[in-house]
A.B. asks: 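Attaching a single structure in structure tokens format; questions to follow.
Labels below follow one simple rule: chain letters A, B, ... track the order of the sequence lines, proteins then strands, and each chain is numbered from 1.
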Number of protein chains: 2
Amino acid sequence: MTPTIDEFQRARAQYPMPFTRIELAVFAVKDGKLQVLLGQRSEPPHAGKWALPGGVVRIDLDTNLDAACQRVARERLGVALTEAQQVIAVGARRRDPRAPWALSVVYRAMVRPHRLHAVAGKRLVELQWFTTEEATTSALAFDHAMLIARAVTQLRDQVSVLHFPPGLMDQTFTLGELQSASEAVLGHALDKSSFRRRLDAAQTVEPIAGEVRSGPFRPAQVYRLPG
Amino acid sequence: MTPTIDEFQRARAQYPMPFTRIELAVFAVKDGKLQVLLGQRSEPPHAGKWALPGGVVRIDLDTNLDAACQRVARERLGVALTEAQQVIAVGARRRDPRAPWALSVVYRAMVRPHRLHAVAGKRLVELQWFTTEEATTSALAFDHAMLIARAVTQLRDQVSVLHFPPGLMDQTFTLGELQSASEAVLGHALDKSSFRRRLDAAQTVEPIAGEVRSGPFRPAQVYRLPG
DNA sequence: TCAATAGTGTCTTTGAGACATTATAGA
DNA sequence: TCTATAATGTCTCAAAGACACTATTGA
């Protein structure tokens, strides 16, 4: 081994590293509203309070941060999160009473609620959906209310420029459904004509030729996200 | 001590934490171009190569990530970085040969080059400015070329909506100077009339009454960033 | 007067909001 | 026919790009 490795080993012994975790902000549109999945903690600290599901980064198991996010999602929620996006890293002394210095890398993902069969993992009593309004204004565990607010802002910025996150919609959808979901995320109504004009210009959706969805009204063209 | 603290201590012994660092992407406008400050490494790994200045997060010294960024700036560059912005956290196995698993939190900041009296700290031969073009296309140490590309994108997004980062301009400046600096950051020319109209609407600069800058041409109104 | 930059005005294009209109299914 | 939603069209307004023009200094 080179002297540099030795030096690292010495540095590691000398300087303890932050307690490093992943926190998941899993969003869904339910009942026409943007909601976030929280777990109720069964143990101190903050026993009884609601918190983002999360877990420790395991350098023996995870090849990188994204993989750690995937593993935590599987372990804590029992689901595979496709294409979660990093929101921010927060790290400070006294963030988490279990450690002198805690660093959390926050990820966000969107899911269709009926496709998520989330099961509460360790240290959680149960999982429950909260509107983002409720979640960001109530007393959650740790600094999670602030983290959720950050994630919501990022998500809205993305949707407002018609960059729809995977997981927002089912594989196929109508433009009416896409507009409803966008309105739920953004928290305000959109103009139909303008919405479609912008979709056209942005080329973010493509029609599936010949496929329509019917009901007691005019059938709607079915679309999908390209790629 | 509560059982939970014990549990954390056990977890820490059981699960080694990532080797956690701060990397600094310090930008300046020099010679009409956006440039980034790199240091040449004096030791392996990547001895001789250019890299972002950075340092280990010290949980005994730093109260949070932003404070760690400040300390690293002081130690490695000898300057106080005002209002650095977090860009991204990257973490993976084999990112850094010195550690089995390395996590870097990347910050970006803008400085006026003549105000920076940067002195190369430990493990660096010297510090030098590179155009972002050079930096993102040449073979830098570690994954730093990618990190710089990320930081540049974020910076451009910010300036393109007239959110000027502190450190871009001196305390006072003319609109001509502000436009030149913006053009350097964005990498393309801007229309003067449109630029000023947008500044007016955004209220991101305020004139200093009565103060003008002279030269062999019509005197220019002097402005400052509000706040 | 000239060179150089500051500052303003006008025309046009683009994009999006508001809102109306037509279309088409099932009940 | 009625109701609900789909799909399109039109008018207007706001913002920004293109570009020209005037203003003011020192050399």
Side-chain angles (χ1 to χ4, degrees), chain A residues 29 31-32 156-164 168-225, chain B residues 29 31-32 156-164 168-225:
Chain A
V29 173
D31 311 324
R156 287 186 170 152
D157 286 351
Q158 198 185 2
V159 170
S160 70
V161 295
L162 309 184
H163 287 178
F164 302 108
L168 174 66
M169 306 304 294
D170 285 327
Q171 205 71 40
T172 66
F173 50 86
T174 68
L175 295 191
E177 291 162 357
L178 181 61
Q179 184 174 345
S180 297
S182 300
E183 290 172 335
V185 170
L186 295 175
H188 61 81
L190 296 170
D191 180 79
K192 179 164 63 164
S193 168
S194 175
F195 184 67
R196 287 168 186 230
R197 233 187 296 123
R198 296 201 296 140
L199 282 178
D200 241 37
Q203 306 225 357
T204 42
V205 296
E206 58 183 23
I208 304 173
E211 211 171 308
V212 294
R213 189 154 307 166
S214 283
F217 44 77
R218 174 171 171 183
Q221 173 65 50
V222 169
Y223 289 77
R224 70 175 154 224
L225 296 176
Chain B
V29 173
D31 310 325
R156 287 186 171 153
D157 286 351
Q158 197 185 2
V159 169
S160 71
V161 295
L162 308 185
H163 286 180
F164 303 108
L168 174 66
M169 307 304 294
D170 285 327
Q171 206 71 38
T172 67
F173 49 85
T174 67
L175 296 190
E177 291 162 357
L178 182 61
Q179 183 175 347
S180 297
S182 301
E183 289 172 336
V185 169
L186 296 174
H188 60 81
L190 296 170
D191 180 78
K192 178 166 62 167
S193 169
S194 176
F195 183 67
R196 288 168 186 228
R197 231 188 296 125
R198 296 201 296 139
L199 282 178
D200 241 36
Q203 308 224 356
T204 42
V205 296
E206 58 183 24
I208 304 173
E211 213 172 306
V212 294
R213 188 153 308 164
S214 285
F217 43 77
R218 175 172 172 181
Q221 173 66 50
V222 170
Y223 289 77
R224 70 174 153 226
L225 296 177

A.B. asks: Check whether any side-chain nitrogen or oxygen of B:Arg198 sits under 4.0 Å from OP1 or OP2 of D:dA15, and answer yes or no.
C.D. replies: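 Answer is no, no contact under 4.0 Å.
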A.B. asks: Select from B:Asp191 and A:Pro219 the residue whose nearest nucleotide in DNA chain C is closer to the 5' end of that strand.
C.D. replies: B:Asp191
A.B. asks: Would you kindly give the CZ-to-C1' distance between A:Phe195 and C:dG15, to the nearest whole Å?
C.D. replies: 16 Å
A.B. asks: Could you state the atom-to-atom distance from CG of A:Leu186 to C1' of C:dA16 in whole Å?
C.D. replies: 15 Å
A.B. asks: Is there a donor and acceptor pair closer than 3.5 Å between the side chain of A:Arg197 and the base of C:dG17?
C.D. replies: yes
A.B. asks: Can you measure B:Asp200 atom CG to C:dA6 atom P for me and round it to whole angstrom units?
C.D. replies: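 For the pair B:Asp200 CG and C:dA6 P, the rounded distance is 16 Å.
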A.B. asks: If you check every side-chain atom of A:Arg196, which of C:dG7, C:dT5, D:dA7 has the closest atom?
C.D. replies: D:dA7
A.B. asks: Any side-chain heavy atom of A:Phe164 sitting closer than 4.5 Å to one from A:Leu199?
C.D. replies: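 Of all side-chain heavy-atom pairs linking A:Leu199 with A:Phe164, at least one is under 4.5 Å.
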A.B. asks: Please state whether the base of D:dA6 and the side chain of A:Arg218 form at least one donor-acceptor pair under 3.5 Å?
C.D. replies: yes
A.B. asks: Calculate the interatomic distance between A:Leu190 atom CG and C:dC19 atom P; express it in whole Å.
C.D. replies: 15 Å
A.B. asks: Less than 4.5 Å apart, any side-chain heavy atom of A:Leu190 and any of A:His188?
C.D. replies: yes
A.B. asks: Side chain of B:Pro216: nearest nucleotide among C:dA16, D:dG17, D:dG26?
C.D. replies: D:dG26
A.B. asks: Roughly, in whole Å, what's the span from NZ in A:Lys192 to P in C:dA20?
C.D. replies: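 Spelled out: NZ on A:Lys192 to P on C:dA20 is 13 Å.
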A.B. asks: If I take atom CD in residue A:Gln179 and atom C1' in nucleotide C:dA18, what distance separates them, rounded to the nearest angstrom?
C.D. replies: 14 Å
A.B. asks: Output the rounded distance in Å from CZ (B:Phe173) to P (C:dA6).
C.D. replies: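 Answer to the nearest Å: 13 Å.
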A.B. asks: Nearest 0.5 Å, please: how far is CG in A:Asp191 from CZ in A:Arg196?
C.D. replies: 10.5 Å
A.B. asks: Nearest 0.5 Å please: distance from the CE atom of A:Met169 over to the CG atom of A:Leu225.
C.D. replies: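 Those atoms lie 8.0 Å apart.
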A.B. asks: Rounded to the nearest angstrom, tell me the gap between atom CD in B:Gln203 and atom P in D:dA15.
C.D. replies: 13 Å
A.B. asks: Can you tell me how far OG1 of B:Thr172 sits from CD of B:Glu177, rounded to the nearest 0.5 angstrom?
C.D. replies: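 Rounded to the nearest 0.5 Å, the CD-OG1 separation comes out at 7.5 Å.
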A.B. asks: Between D:dT8, D:dT5, C:dA6, spot the one nearest the side chain of A:Ser193, thanks.
C.D. replies: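 The answer is D:dT8.
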A.B. asks: Look at the side-chain N and O atoms of A:Ser194 and state whether any lies under 4.0 Å from the OP1 or OP2 oxygen of C:dG17.
C.D. replies: yes
A.B. asks: Nearest of D:dA18, C:dA4, D:dA6 to any side-chain atom of B:Phe217?
C.D. replies: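 Per side-chain heavy atoms of B:Phe217, the pick is C:dA4.
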